[in-house]
Engineer: 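I'd like to ask some things about the structure below.
Throughout, a chain's letter reflects where its sequence line sits, starting with A, and its residues are numbered from 1. No experiment lies behind these values; they were computed from the predicted model shown.
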Number of protein chains: 2
Amino acid sequence: MSKGEKDVTIYDIADKLNISAATVSRALKDHPRVNKNTKKLIVKTAEEMGYLSNSFASNLRKKSSNIIGLIVPRLNSNFMADVIAGIEKVLNNNNYNLFISQSLETMTKEIANANAMLVNRVDGLLVSLAYDTTNIDHFDPFIKRQVPVIFFDRVFESDSCPQIYIDNQKAAYEVTSHLIKQGCKRVMHITASQLRNVYADRLAGYKKALEDNAIKFDESLVIINDLSREAGIQAAQQILDMPNKPDGIFVANDSCAVSCMQTLIKAGINIPHDIAVAGFNNDPMTCVIEPNLTTVNYKGYEMGEVAAKLVIDRLVNKNEFHPAHGVILRSELIVRESSTRIT
Amino acid sequence: MSKGEKDVTIYDIADKLNISAATVSRALKDHPRVNKNTKKLIVKTAEEMGYLSNSFASNLRKKSSNIIGLIVPRLNSNFMADVIAGIEKVLNNNNYNLFISQSLETMTKEIANANAMLVNRVDGLLVSLAYDTTNIDHFDPFIKRQVPVIFFDRVFESDSCPQIYIDNQKAAYEVTSHLIKQGCKRVMHITASQLRNVYADRLAGYKKALEDNAIKFDESLVIINDLSREAGIQAAQQILDMPNKPDGIFVANDSCAVSCMQTLIKAGINIPHDIAVAGFNNDPMTCVIEPNLTTVNYKGYEMGEVAAKLVIDRLVNKNEFHPAHGVILRSELIVRESSTRIT
DNA sequence: TAAATTTGCGCAATCGATTGTATTATTTTA
DNA sequence: TAAAATAATACAATCGATTGCGCAAATTTA
């Protein structure tokens, strides 16, 4: 099988140069106590011999992997792509690698992912929770081992883990208020699992806006589903069957909002005049659908950066997490035609 | 710093039970030469003590990581999400983990990613190439070390690496033929870097279809860009400036096709009657744009599965790669309103 | 019942890099 | 020039799991 020449080790280099492996090791990591010329020679020889440091050995000895784990619900969104880009930038600058996995919105897979991260001994963990995660016991082993765990976007209240998110309640309040200002009297809200802060807070913001506008909260105007495209179609059908239809809809994500809109439009509903619609996330899709979708924008890239900086700060600079665990990032309402009645 | 109790090792378990570490090690991996009762006791004790196998030590000794690397141009597409899901399913079933990274379409980052994979000693590597990758020298170290490298979708001709892709030429031929059948006489083609098989083959298929329909190939009807949304807008503007406009456009990906269409429509062009349009990939967006976009569908999930199975087969079953290196998967033309003139 | 197997377990080397503690060579200081 | 300080290198233990080999006990076979 392995006709391939054996991997070159620091011992091979040491033998060749008649020096000790310790010096080779130190030279390769630019230790100050090694003579400059020796260093140069060693580095050159290592290169010539095709040396590749064995990270297993190194990690074993150093008890660290320089790998940060990332667990997200899904990868196929622009938001997550931005988050990842932000994380990668910071990690690369600090010589850390990223281990990515997706839970596909299930706690089961999230647990499996966490275990994989544990076994592969990541030095830190960044997490955005799945829909149905009811507790975060699966992250306890990390905390016990002093591996920093940081939640972003879909966070979980925990004293041991910092959290990064936007003010979802405020954002939802703004969306709902905006719809009301456009003349909506019966605003519907479509959202997902109330286990997740992002959806619970958005519902809270929605309720608060109703309240502040003296509109009575109507339970029948709230739909909780998985915010998938299919769910959007179903929700639309449900709306079409309603005798007393809403005149505004605030959907907690864009792809669901879009499919819902499409279905409504096909059924002859005029948007925004019969029903005004708003989404959340500012997905590229929002500018493809006609009329363009009002939505909430927030910067995934920045969120990724902040999360990564927090871990790095903890790992590299040995800083304890700031006592105030929450970092709240900015978001903005983007008004487009799907909700514009007054011009 | 680390007040956390030290990690439990097999030696701790061995001491506690007054047996050897060798037996503990064997018991934990269910070695047949260990008594069933001893095994049970060891497993139970390990659990109680909160034992976690140290993969560094294990990997060092076994010279394998059980990690497969994945390098893709971008993560934020539905196609890639499907691919990844397919890969993960197969890998999980075989007790392998996945290490994901994105090149963001640049060779520089692709090389950096490859090096990270090398350092972290993945057991196998799955790759879809960036736009501007001109050679695959950065994968040589893997091949030298007998680490299987498999290309999918955006492949590179190489004797050492199997390739999985669709028949892009045929698919493009079908798209172009379809447009011609709808009455198009001047079909434009918008595509990307001809370094990549997918785009070179699509151009070839486009040319072949023209030829077979006795239409002379016109260089000025081919635009090569990066197929981004912005590029689609630019391309549309370029078209609008043309004195002799095309009456059909075949774009090599959907998001570019969509933004191009949007721009054309805004300028008063009627699609499909003035210009018929077709894309590639069957992104969800194709059913959001009006008129819905004709496109080519191919199954990312299956492609991921096949790629992963190939590595696993090589690693687990020690099978050499099949002499016929290419696996060609099925694709299908999906005709929608953006190109339907005849009904 | 003696011989041959099989079962169960331990010894000790090994994987390759790191690092605290010598040790030797060189330079500086007194 | 001897003593002290510094620079450069080497020694050897260590990280924790794996595994070939050996040995004893238990079981089977003849």
Engineer: Below 3.5 Å is the cut-off: list the nitrogen or oxygen pairs between protein and nucleotides 16-20 of chain C, distance only.
Structural biologist:
unit_1 : atom_1 : unit_2  : atom_2 : d
C/dG16 : OP1    : B/Lys63 : NZ     : 2.7
C/dG16 : N2     : A/Ala57 : O      : 3.3
C/dA17 : OP1    : A/Tyr51 : OH     : 2.6
C/dA17 : OP1    : A/Asn54 : N      : 3.4
C/dA17 : OP2    : A/Ile10 : N      : 2.6
C/dA17 : N7     : A/Tyr11 : OH     : 2.8
C/dA17 : N6     : A/Tyr11 : OH     : 3.2
C/dT18 : OP1    : A/Ser58 : OG     : 3.3
C/dT18 : OP2    : A/Ser25 : OG     : 2.9
C/dT18 : O2     : A/Arg61 : NH1    : 2.2
C/dT19 : OP2    : A/Lys29 : NZ     : 3.2
C/dG20 : N7     : A/Arg26 : NH2    : 3.3
C/dG20 : O6     : A/Arg26 : NH2    : 2.8

Engineer: Grab the CD1-C1' distance between A/Ile19 and C/dT23 for me, whole Å please.
Structural biologist: 17 Å

Engineer: Using whole Å, report how far CZ of A/Arg33 lies from P of C/dT27.
Structural biologist: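 Interatomic distance, CZ of A/Arg33 to P of C/dT27: 15 Å.
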
Engineer: Do the side chain of A/Glu105 and the main chain of A/Tyr131 share a donor and acceptor less than 3.5 angstrom apart?
Structural biologist: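 Between the backbone of A/Tyr131 and the side chain of A/Glu105 there is a qualifying donor-acceptor contact (under 3.5 Å).
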
Engineer: Roughly, in whole Å, what's the span from CG in B/Leu17 to C1' in C/dG10?
Structural biologist: 15 Å

Engineer: Which nucleotide in the list C/dG10, D/dT9, C/dC9 gets nearest to the side chain of B/Asn35?
Structural biologist: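 Side chain of B/Asn35 sits closest to C/dC9.
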
Engineer: Nearest 0.5 Å, please: how far is CG in A/Asn66 from CG in A/Asn59?
Structural biologist: 7.5 Å

Engineer: Touch check for A/Asn18, heavy atoms < 4.0 angstrom, all strands: base, sugar-phosphate only, or nothing?
Structural biologist: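 Sugar-phosphate contact only - A/Asn18 comes under 4.0 Å of backbone atoms but never of a base.
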
Engineer: One thing to verify: whether B/Lys16 and B/Glu48 come together as a salt bridge, which I'm taking to mean a side-chain N less than 4.0 angstrom from a carboxylate O.
Structural biologist: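 No.
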
Engineer: Among A/Val311, A/Ile136, A/Leu125, which one satisfies side chain to side chain contact (heavy atoms under 4.5 Å, CB included) with A/Val149?
Structural biologist: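 Looking at A/Val311, A/Ile136, A/Leu125, the match for A/Val149 under the side chain to side chain contact (heavy atoms under 4.5 Å, CB included) is A/Leu125.
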
Engineer: Quick one: pull up CD in A/Gln146 and CZ in A/Arg314 and give me the separation to the nearest 0.5 Å.
Structural biologist: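 CZ of A/Arg314 is found 7.0 Å from CD of A/Gln146.
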
Engineer: Using OP1 and OP2 only, check whether a side-chain N or O of A/Thr38 sits under 4.0 Å from D/dT9.
Structural biologist: yes

Engineer: Could you check how far CG of B/Asn59 sits from P of D/dT19, rounded to whole Å?
Structural biologist: 12 Å

Engineer: What integer distance in Å separates B/Asp12:CG from D/dC15:P?
Structural biologist: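 Rounded to the whole Å, the gap is 11 Å.
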
Engineer: Could you give the distance from CZ (B/Arg196) to CG (B/Asp132), rounded to the nearest 0.5 Å?
Structural biologist: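 Output value for this atom pair is 8.0 Å.
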
